[in-house]
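So the structure is just underneath, and the comments pick up after that.
Just so you know, residue 1 is the first one in the sequence shown, and it goes up from there. All figures in this text were calculated on a predicted structure; none of them were measured in a lab.
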Amino acid sequence: MTGSRFSASLILRAAALSVLVVFLQTGVISELPVFGVNVDLSPLLVAFLGLLCGSTLGALGGFAIGLLVDLALLQTLGVNSLIFTLIGYWSGRLRELRDPQAALTPLLVGATASAVSLVGYSLVEFMLGVDAPVSFELLRQIVLGIVVNSIVALPIWAIVRRLLEGALPEDPRRRRRRRAYTTGGLSPLSRA
């Protein structure tokens with residue numbers, strides 16, 4: 001499965017980037033609140049892995065990054081893995097079904113990934129019976145978290161794309177487009 005679609009270089013780069021981001025986030029970035037919330041790089045990384053590499057690597061990366069976050073922060077094991085797997089898979093499906101080349105795509109995907117991560121984590125923890133107050137403060141934290149992560153999404157997109165650039169898989173839609181141009185511009189409809 002991984003041998004035919006993904007190169008070893010891509011998997012190693014993604015794994016190293018994942019470990020670096022999780023440890024950077026838990027050690028440094030979590031100590032620097034912005035507007036009273038912490039920047040959460042993990043859902044952004046998962047979403048951008050899916051957007052750049054497809055649904056398979058997005059889901060696998062989401063599971064691994066979520067598990068690493070849960071282990072690093074000593075949280076309920078599997079909650080972030082579940083949420084990040086969904087984020088990575090659906091970001092990858094966006095890449096596979098559409099051609100997300102618009103300039104605002106990373107911003108919208110980053111905002112959506114942050115929203116799914118924050119709301120999903122809150123809902124799962126609530127359903128598991130964790131004693132935490134549900135109030136307007138939680139809603140404020142979620143909204144500010146989405147805004148702060150959306151601001152950080154574009155620089156993170158540029159960094160992730162740059163670090164994975166040499167090993168990214170070729171987009172099958174682009175291959176088809178190239179073949180269509182080699183016909184010399186002749187269309188079967190123009191012959192009639």
Got a second to check how far [X]'s [atom1] is from [Y]'s [atom2], nearest 0.5 Å?
X	Y	atom1	atom2	value
Asp70	Ser42	CG	OG	10.0 Å
Leu10	Glu165	CG	CD	12.5 Å
Leu45	Ile87	CG	CD1	11.0 Å
Leu82	Leu86	CG	CG	5.0 Å
Ser7	Leu12	OG	CG	8.5 Å
Phe48	Thr105	CZ	OG1	10.0 Å

Side-chain heavy atoms nearer than 4.5 Å, only ILVMFWY residues, links allowed to pass through others: does that put [X] and [Y] together?
X	Y	answer
Val21	Ile156	yes
Val69	Val19	yes
Val46	Leu73	yes
Leu163	Leu68	yes
Ile146	Ile151	no

Using every non-hydrogen atom in the two residues, find where [X] and [Y] come nearest and quote the distance to one decimal.
X	Y	value
Ala14	Leu164	N-CD2, 3.9 Å
Leu71	Leu77	CD2-CD1, 3.6 Å
Ser122	Leu138	OG-CD1, 3.9 Å
Pro106	Leu154	CB-CD2, 4.0 Å

Arg140: partners by salt bridge (Lys or Arg N to Asp or Glu O under 4.0 Å), with sequence neighbours left out: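 For Arg140, the residues satisfying salt bridge (Lys or Arg N to Asp or Glu O under 4.0 Å) (neighbours in sequence not counted) are Glu137.
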Donor-acceptor pair, distance only, cut-off 3.5 Å: does the side chain of [X] make one with the backbone of [Y]?
X	Y	value
Arg95	Leu52	yes
Ser117	Ala113	no
Ser81	Phe63	yes

Are [X] and [Y] side-chain neighbours, meaning at least one heavy-atom pair lies under 4.5 Å?
X	Y	answer
Phe23	Thr26	yes
Asn38	Ile29	no
Ile65	Leu49	yes
Val22	Leu41	no
Val79	Glu125	yes

Within 6.0 Å of OH in Tyr121, more than 12 heavy atoms from elsewhere: yes
Heavy-atom neighbours of Trp157 CH2 exceed 12 at 6.0 Å: yes
Donor + acceptor pair across side chains of Asn149, Asp40 (<3.5 Å): no
Identified side-chain contact (heavy atoms from CB on, under 4.5 Å) counterpart of Val109 within the set Leu104, Leu51, Leu44: Leu51
